[in-house]
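Everything numeric in this text was worked out from a predicted model, so none of it was measured.
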Amino acid sequence: MKNIENFLNAILETRQVWLLEAREGFFAMLEDNHCDSYIPVWESEEAALKNAVGDWEGYTSANMGFSELEHWLKELADDEIDIAVAPEKEGKITALASANFRKWVKQYSDNSYKEPDEDDEEESHIVETEFGPDDKGFDYGDGWAQPWS
């Protein structure tokens with residue numbers, strides 16, 4: 001429990017957590033022997049980058065403020081993904097349920113993060129284009145999405 005207490009005290013000072021990001025919006029994840037999934041978070045950029053080795057080599061650090069974190073933790077809880085508190089390279093984790101962590105974060109959140117409302121009449125960022133089945137010009141990523149056949 002000392003690990004969690006130290007972690008919470010550290011992030012309370014900065015009102016942010018640090019993650020490892022493969023590319024924008026795709027964060028490092030862990031899975032245990034029971035197929036439960038976790039997103040690892042650290043209290044500092046240095047601590048996160050120390051763990052950017054092995055499967056996470058080449059990942060960059062990304063910080064997330066409490067307001068955005070509160071919103072994201074709701075999504076993680078809905079997806080049954082929990083938080084791994086400052087995991088080290090040895091593979092042992094201290095887990096926090098996303099829903100419980102969200103309750104704690106919420107009391108310190110300033111609500112500055114707002115997701116765009118679907119009804120907002122801002123310029124759309126969707127670009128429509130067509131790709132044929134043999135088109136080599138589109139990057140479908142690392143297995144995150146596959147082309148339609």
Legend entry - Ring centre gap for F27 and W72 strictly below 6.0 Å: yes
Inset, instruction - State whether the side chain of N9 and the backbone N or O of E5 hold a donor-acceptor pair below 3.5 Å, judged by distance alone. - result: yes
Inset, instruction - Quick one: do W104 and L8 satisfy side chain to side chain contact (heavy atoms under 4.5 Å, CB included)? Show the steps, please. - result: CA-CA 9 Å; W104 183 84; L8 294 177; 3.8 Å; yes
Inset, instruction - Mind checking the CE-CH2 spacing from M64 to W18? Nearest 0.5 Å is all I need. - result: 11.5 Å
Inset, instruction - Using a 4.5 Å cut-off on heavy atoms from C-beta on, say whether the side chain of R15 contacts that of Y108. - result: yes
Inset, instruction - Please tell me if the side chains of V17 and L69 come closer than 4.5 Å, counting only heavy atoms from C-beta onward. - result: yes
Inset, instruction - Would you give the length of the straight line joining atom CG of D55 to atom CG of L30, rounded to the nearest 0.5 angstrom? - result: 9.5 Å
Inset, instruction - Report yes if some heavy atom in the side chain of F7 is under 4.5 Å from a heavy atom in the side chain of T94; otherwise report no. - result: no
Inset, instruction - May I ask you to decide if I81's main-chain N or O and D79's side chain share a donor-acceptor pair within less than 3.5 Å? - result: no
Legend entry - Inter-residue atom distance E43.CD - L12.CG, 0.5 Å rounding: 13.0 Å
Legend entry - Crowding at CD, E45 (>12 non-hydrogen neighbours, <6.0 Å): yes
Legend entry - Nearest heavy atoms of S109 and S67, plus distance in Å: OG-CA, 3.2 Å
Inset, instruction - Verify, without hydrogens or angle tests, whether D82 (side chain) and A95 (backbone) share a donor-acceptor contact under 3.5 angstrom. - result: no
Inset, instruction - Determine, stepwise, if the pair L19 / Y59 fulfils side chain to side chain contact (heavy atoms under 4.5 Å, CB included). - result: CA-CA 9 Å; L19 304 104; Y59 281 43; over 6 Å; no
Inset, instruction - Would you give the length of the straight line joining atom CG of L49 to atom OG of S61, rounded to the nearest 0.5 angstrom? - result: 4.0 Å
Legend entry - From R102 atom CZ to E70 atom CD, the distance as rounded to the nearest 0.5 Å: 5.0 Å
Inset, instruction - May I have the step-by-step check of side chain to side chain contact (heavy atoms under 4.5 Å, CB included) for I4 and L96, ending in yes or no? - result: CA-CA 9 Å; I4 291 178; L96 282 177; 3.9 Å; yes
Legend entry - Euclidean distance, M29 CE relative to I39 CD1, rounded to 0.5 Å: 4.5 Å
Legend entry - Shortest non-hydrogen separation from A48 to L20 and the atoms involved: O-CD2, 3.5 Å
Inset, instruction - Check for a donor-acceptor pair, side chain of W42 on one end and backbone N or O of P87 on the other, with a separation under 3.5 Å. - result: yes
Inset, instruction - Of all the heavy-atom pairs spanning P40 and A28, show the shortest one and how long it is. - result: CD-O, 3.1 Å
Legend entry - N51 side chain to A47 backbone, donor-acceptor under 3.5 Å: yes
Inset, instruction - Inspect the surroundings of CD in E31 and state if more than 12 heavy atoms from other residues, nucleotides or ligands are less than 6.0 Å away. - result: yes
Legend entry - Residues, nucleotides or ligands: over 12 heavy atoms within 6.0 Å of E24 CD: no
Inset, instruction - Using the side chain to side chain contact (heavy atoms under 4.5 Å, CB included) rule, take Y38 and D32 through it: C-alpha gap first, then chi angles, then the decisive distance, then the call. - result: CA-CA 8 Å; Y38 304 88; D32 66 15; 3.0 Å; yes
